[in-house]
Amino acid sequence: MNKLRGDYDDRPDRYDGHECPSYDLNRRKHIMPRYDAKRIEAHWQQSWETNQTFRTEDTVPTGDAAKKPKLYVLDMFPYPSGSGLHVGHPEGYTATDIVCRYARMKGRHVLHPMGWDAFGLPAEEHAVKTGTHPRETTEQNIATFKRQLKMLGFSYDWTRELATTDPDYYRWTQWIFLQIFDTWYDADHVWTGPDGVQRKGKGRPIAELPIPDDILASGECQPSSTTSEPLASAQSVKTANASDRPVDTGRSPEVMEAIRRYQDKHRLAYVSDAPVNWCPALGTVLANEEIIDGKSERGGHPVVRMPLKQWMLRITAYADRLATELDELDWSDSIKFMQRNWIGRSTGAEVDFRIEPHGAMSEEESQARDGRQPSGTPAEFETWKATRQSNGFPRDPEFDVIRVYTTRPDTLFGVTYMVLSPEHALVQKITTEGQRPAVAEYIRKSSLKSDLDRTDLAKEKTGVFTGGYALNPVNGARVPVWIADYVLISYGTGAIMAVPGHDERDYEFAKTFGLTIRQVVAPPLSSGHIVDLGNAAFTEIGVATNSGKYDGLSTADFKCQISNHLSQAGLGKEAVNYRLRDWLFSRQRYWGEPFPIWHELDADGNPTGLMRADTAESLPVLHPHMDDFKPTGTPEPMLAKATPEWLFKTAADGVKLKRETNSMPQWAGSCWYYLRFCDNKNSDKFIDPAKEKYWLPVDLYIGGAEHAVLHLLYSRFWHKVLFDRGHVSSPEPFQKLVNQGMILGDTDYSVSPEVFARQRAVFEGMGLIPLVLKTDDAEIVALRNPADDPDAYRPLTEDQVTKEKGKAHLKGTEIELTGRTDKMSKSRKNVVNPDHVVKDYGADALRLYEMFMGPLEQVKPWQMNGVEGVYRFLGRVWRLLIDDRAEAVILSAAVVDTAPAEDQLRILHKTIKAVTDDIDRLAFNTAISRMMEFTNFMSGQETRSKAVLEPFVLLLNPFAPHIAEELWHALGHSTTLTYVPWPSYDPALLVEDTVEVPVQINGKVRAKIIVPANSDAAALEAAARAEEIVQKNLEGKTVVKVVAVPGRLLNFVVK
RNA sequence: GGCCAGGUGGCGAAAUAGGCAGACGCACGGGACUUAAAAUCCCGGGCCCCUAAAGGGGCGUACGGGUUCGAUUCCCGUCCUGGCUACCA
């Protein structure tokens, strides 16, 4: 009997002491020495909870503790849906958990929280159907998610748990909204932030917004509708700062109101009256990205476009910083690329085209001159140019000028027509009487189309001639003006100059309507390009032609020169545009954050358009009580049905107020939760600045790629506003980002409906269950095995299918099967529930399998028998240390206290190095392989040194923490291994004495030689030449060259 | 249409700086233990060909080229799959 075993048996109870709760003594008899995941996992989860093992102190460390480097590791928090976790969720969670457990052992101070993105439509849809309050449903769902996450043994600090639906949380969501509401963007402000970086552009308090003179003078006279004065030049404005509030200046109420309206137009949160996507079935508006193929993403309901008053957030003000500040982040290139694409910055020029007054020429004259230099340019055009020459390029164009945006000002001489978007303000003015009916009809039709409908018809360009003309500022040429819905009102200026020779869209349009196509760019001679404008547009850069004095210039030089010339002539200006639009920030639902905003009402109870914000102290604005949750059926928000007590109040100054009844979208709560986790119980501030400074930015953020653009862009935007306003010290929230790959369902075998009908009897005879599924273009019949649990997914197993020459057949038949791996989804009934996996194999096996499947970032199919494989590995590890034929959990007799044999020591140190390096690069699949190799080797050893096994258990801990704790305890330790230092390796032990080196003849391996590890080229060659097979291969040949890479290979090049 | 990622045995995958392709695991085949089964342990294996065997040869990382002594890896072209995006002037 070995000594250790005796020691161990002497313990009154294995789990006595404060660290580990005791087992019921009666149950001890039933403890099987076999690896029993269920027992071990329940025990250690209880132990971690009792001892608060993973709790992170809620204070910023000082003294020695402050020397520990911090590590903030965050999962994208889940929406707690009614169906609970599926196996895709724990993929990222296991990865972060491994990193955290490893980091704790490496001596890092770790923050690892979890919470709930809990507002959202499903709970409210459920409320509409059943009358159950969404809060109740949400809480139930959270409880399910939490139970499942705890079951998997993740090392979250649960004391930091939060839900976006907690009034204590959304109080601060509302507070941040008020900060955004209180901010305007000063694009020219140059400043240095707390990070020491100089930036141009800053979000500043609205009280600091300069008010132009014409606003300040609005009490005395009417402001001019257009002005050529710059809006906020130093000479023409006075600054209204915080201490200089309009109310204190003794200004008239009219001026006060003008100032307030002016401020409201400049806030980062503002109300707009633009067309939006209204979904009657869901009773809310939807953002463009919430609509797929013209239907709502959730539910697939139809969507119509209509103008509605909506809250918008001015994210476009931050477009440039959101794009450029990506550079410093440790994110994948593809995600950065997607964000940059979404922001879509382009540089070009705005150019003004003057409209030709109607009736200036006869129709005949017009036809004759169309597109050509007019002989006698109208005097008005010359006068206008002269005015521009002296006054410069105005902020807003005159009422008879079309302003266009182009990225190719070098093609101005190739403009043969212009297009206004149907919503453009000048359409009515420019349209001639003759064209009016056609134009009106076109506008009516296009207003019915959503942006998506417009693109669906992309192949066929549509449009109508307005009858009007404009004059090209560079040569005075008359160009016809059309309207067409391929030009969007929401991008650039809503109008374009069309250059069909050098733009594909314009080319298609010109071809459709028989418009002139003119070449003004020639390909560079060296390119060998041949331009055939009869066939296609030439959109590349090249050399100018047919462009007057600019002929011969390269595209780049031309752009530069013409921008200067236009600018000097007051006809154009360099401009930057973004694809990114302002963020539609309101929804019409109950289950979202109410806005902390009041609307002023006049004596008749009508809104005046003026607003007041709730004070920070009065937050949160709670939800009103509702008798039912049915949508109003109109675009009127749900909350408009609230009680008058909630909806109305009278301010101290006697003004009647009505509450804002829109609610915030689900994105709001997830925009800043990473901040609250650092200080989730603070009732004075949304986060203590010291804690923000210590914990931020998040060091590792892992989640699905579906959030690559929106969530990450929105949070970065909020973070930057908070940064500008001095509430956070870091310019970016997430330093390193990793997207885990999606987990697909196990292979599902199916046949066509025809085959199924024909062979029905065969399938039924085998007891297979058919399931009709729709794929993109066809119906298929999936074949499944029967299951007790209706939710369980039981596809055909490998031994029910024979595979030959790439074809699969149902075993014992000639019936050909199609195998597919699909996304897991309810409708396909191929979702794997972690509860089932844990029940059969345990949490450690599930965690291990999630990581063993393949690289974290890759898409990979779930295979149930893969879980079996890692489960067997855990069993082997168990038997490596534990005597599985004993009555209790005691060490195996093979485990000894003596010094390890050199080969055991060597493989241990190799394993330590490999596992450490692999965790560092998030390559968990190969780390697990290395631990399997270690286990396979050690299992074959008659005696296994404790000195080798102990470090191995530490290596296993981040991956399979329950079994690791259990084994650590069996090895005689009484405290958790959570904070035991990570093993280090001795590089000297990694070096082998001898190495096997392949010998190649002309690159083909012909022999292998075993040589001392430090053999040089000459020694390698000598050893190789001594081999019989090498001599045979070299016989009668001339050795042209010998390539020797010491330690790696030897290659004879022969003739 | 555009962009991005990927394509390696029957399957999931590995090869970290151009150097033995297929580590590790699944499934499969053979054996041991067992009354039997499960569990466990041992052995085998990319494909094809020659050989009684020992052994040997050819082909092989989607396909076609290229660079190199040597390519899964680098370059050019083609095909396929998945994801994102969709008239952004």
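Below, chains carry the letters A, B, ... as their sequence lines are ordered, and counting in each starts from 1.
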Q: Mind checking the P distance from A21(B) to G46(B)? Whole angstroms is fine.
A: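 Pairwise P distance, A21(B) against G46(B), rounds to 13 Å.
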Q: Taking atom C1' in both A5(B) and G58(B), compute the distance separating them and give it to the nearest angstrom.
A: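 About 35 Å, rounded to a whole number of Å.
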Q: Could a donor-acceptor pair under 3.5 angstrom be found where the side chain of Asn865(A) meets the base of C26(B)?
A: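 Checked by distance alone, the answer is no.
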Q: Please tell me if Arg872(A) has a side-chain N or O lying less than 4.0 Å from either OP1 or OP2 of A39(B).
A: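 Answer no for this pair, as no side-chain N or O of Arg872(A) is under 4.0 Å from OP1 or OP2.
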Q: Given the P atoms of A23(B) and G45(B), what is the spacing between them in whole Å?
A: 10 Å
Q: Is the closest side-chain donor-acceptor distance between Tyr405(A) and Ser346(A) under 3.5 Å?
A: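 Judged by distance alone, the side chains do pair up.
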Q: Any side-chain donor paired with an acceptor under 3.5 Å for Tyr442(A) and Thr462(A)?
A: yes
Q: Return the pairing partner of G1(B) with a 3.5 Å limit on both distances, Watson-Crick or G-U wobble; otherwise return none.
A: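 Pairing partner: U85(B).
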Q: Have a look at Arg921(A) and say if it touches a base, only the backbone sugar-phosphate, or nothing, with a 4.0 Å heavy-atom cut-off.
A: base
Q: Looking only at atom C1', what distance separates G22(B) and C59(B), rounded to whole Å?
A: 16 Å
Q: Is the shortest side-chain N/O distance from Gln858(A) to OP1 or OP2 of A13(B) below 4.0 Å?
A: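 For Gln858(A), the contact criterion (side-chain N or O under 4.0 Å from OP1 or OP2 of A13(B)) is met.
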Q: Report yes if a side-chain nitrogen or oxygen of Lys1032(A) is closer than 4.0 Å to either non-bridging phosphate oxygen (OP1 or OP2) of G57(B); otherwise report no.
A: no
Q: Using a 4.5 Å cut-off on heavy atoms from C-beta on, say whether the side chain of Phe353(A) contacts that of Leu412(A).
A: yes
Q: Measure the distance from CH2 on Trp342(A) to C1' on A86(B) and round it to the nearest whole Å.
A: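 Taking atom C1' of A86(B) as the reference, CH2 of Trp342(A) is at 10 Å.
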Q: Can you tell me the base-pairing partner of A14(B)? Count Watson-Crick or G-U wobble geometry only, both distances below 3.5 Å, and say none if there is no partner.
A: none
Q: So, OP1 or OP2 of C3(B): does either fall under 4.0 Å of a side-chain N or O from Arg340(A)?
A: no
Q: Look at the aromatic rings of Phe934(A) and Phe952(A) and report parallel, tilted or perpendicular, splitting at 30° and 60°.
A: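 Ring orientation, 0 to 90° scale: parallel.
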Q: With syn defined as a glycosidic angle within 90° of 0 and anti as the rest, where does A54(B) land?
A: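 Base orientation: anti.
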Q: In whole angstrom, what separates Met853(A)'s CE from A14(B)'s P?
A: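 About 12 Å, once rounded to whole Å.
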Q: Can you tell me how far C1' in U78(B) sits from the matching atom in G7(B), rounded to whole Å?
A: 14 Å
Q: Is it true that Asn577(A) and Arg345(A) share a donor-acceptor pair across their side chains at a distance under 3.5 Å?
A: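 No, Asn577(A) and Arg345(A) have no side-chain donor paired with an acceptor closer than 3.5 Å.
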Q: Taking a pair as Watson-Crick or G-U wobble with both distances under 3.5 Å, which nucleotide is matched to G22(B)?
A: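 In the structure as shown, G22(B) has no Watson-Crick or wobble partner.
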Q: Scan Ser346(A) against the nucleic acid and name what it touches under 4.0 Å (heavy atoms): base, sugar-phosphate only, or nothing.
A: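 The residue Ser346(A) makes sugar-phosphate contact but no base contact.
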Q: Base, sugar-phosphate, or nothing for Tyr405(A), non-hydrogen atoms under 4.0 angstrom?
A: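 Counting heavy atoms under 4.0 Å across all strands, the contact made by Tyr405(A) includes a base.
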Q: Paired with A62(B): which nucleotide, if any, by Watson-Crick or G-U wobble criteria at under 3.5 Å for both distances?
A: U78(B)
Q: With a 3.5 angstrom cut-off on both distances, give the Watson-Crick or G-U wobble partner of A36(B), or none if there isn't one.
A: none
Q: What nucleic acid atoms does Arg579(A) come within less than 4.0 Å of, heavy atoms only: base, sugar-phosphate, or nothing?
A: base
Q: Just to be sure I understand the rule, does Glu504(A) reach a base, reach only the sugar-phosphate, or reach nothing, if contact means heavy atoms closer than 4.0 Å?
A: nothing
Q: Looking at Arg876(A), does any N or O in its side chain come under 4.0 Å of the phosphate oxygens OP1/OP2 on C41(B)?
A: yes
Q: Could you give the distance separating C63(B) and G10(B) at their C1' atoms, to the nearest angstrom?
A: 22 Å
Q: Under the salt bridge (charged side-chain N to carboxylate O under 4.0 Å, His left out) criterion, do Arg921(A) and Asp917(A) qualify, and how do the steps go?
A: CA-CA 7 Å; Arg921(A) 61 192 180 93; Asp917(A) 292 351; over 6 Å; no
Q: Report the base-pairing partner of G29(B) (Watson-Crick or G-U wobble, both distances below 3.5 angstrom), or none.
A: C43(B)
Q: Just call it for Gln1000(A): base, sugar-phosphate, or nothing, with non-hydrogen atoms closer than 4.0 Å on any strand.
A: base
Q: For nucleotides C75(B) and G19(B), find the distance between their P atoms and express it as a whole number of Å.
A: 15 Å
Q: Taking the P atom in each of G65(B) and A13(B), what is the distance between them to the nearest angstrom?
A: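 Looking at atom P only, G65(B) and A13(B) are 29 Å apart.
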Q: Base, sugar-phosphate or nothing for Val1043(A)? Non-hydrogen atoms, less than 4.0 Å.
A: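 Result for Val1043(A) = base.
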Q: In terms of base orientation, is G9(B) syn or anti, with the syn window spanning 90° either side of 0?
A: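 Chi for G9(B) falls in the syn range.
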Q: Within less than 4.0 Å of OP1 or OP2 of A14(B), is there a side-chain N or O belonging to Asn925(A)?
A: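 Answer is yes, contact under 4.0 Å.
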Q: Should Asn341(A) be listed as having a side-chain N or O under 4.0 Å from OP1 or OP2 of C4(B)?
A: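 Asn341(A) to C4(B) OP1/OP2: no side-chain N or O under 4.0 Å.
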Q: Would you kindly check if the NZ (Lys) or CZ (Arg) of Lys461(A) is within the cone defined by 45 degrees around the ring axis of Phe509(A) and under 6.0 Å from the six-membered ring centre?
A: no
Q: Kindly check if the number of other-residue, nucleotide or ligand heavy atoms within 6.0 Å of CZ (Arg340(A)) is above 12?
A: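 It does: Arg340(A) CZ has more than 12 such atoms within range.
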Q: For G57(B), does OP1 or OP2 lie under 4.0 Å from any side-chain N or O of Arg1006(A)?
A: yes
Q: On the side chain of Lys1008(A), is there an atom forming a donor-acceptor pair with the base of C20(B) - under 3.5 Å, no angle test?
A: yes
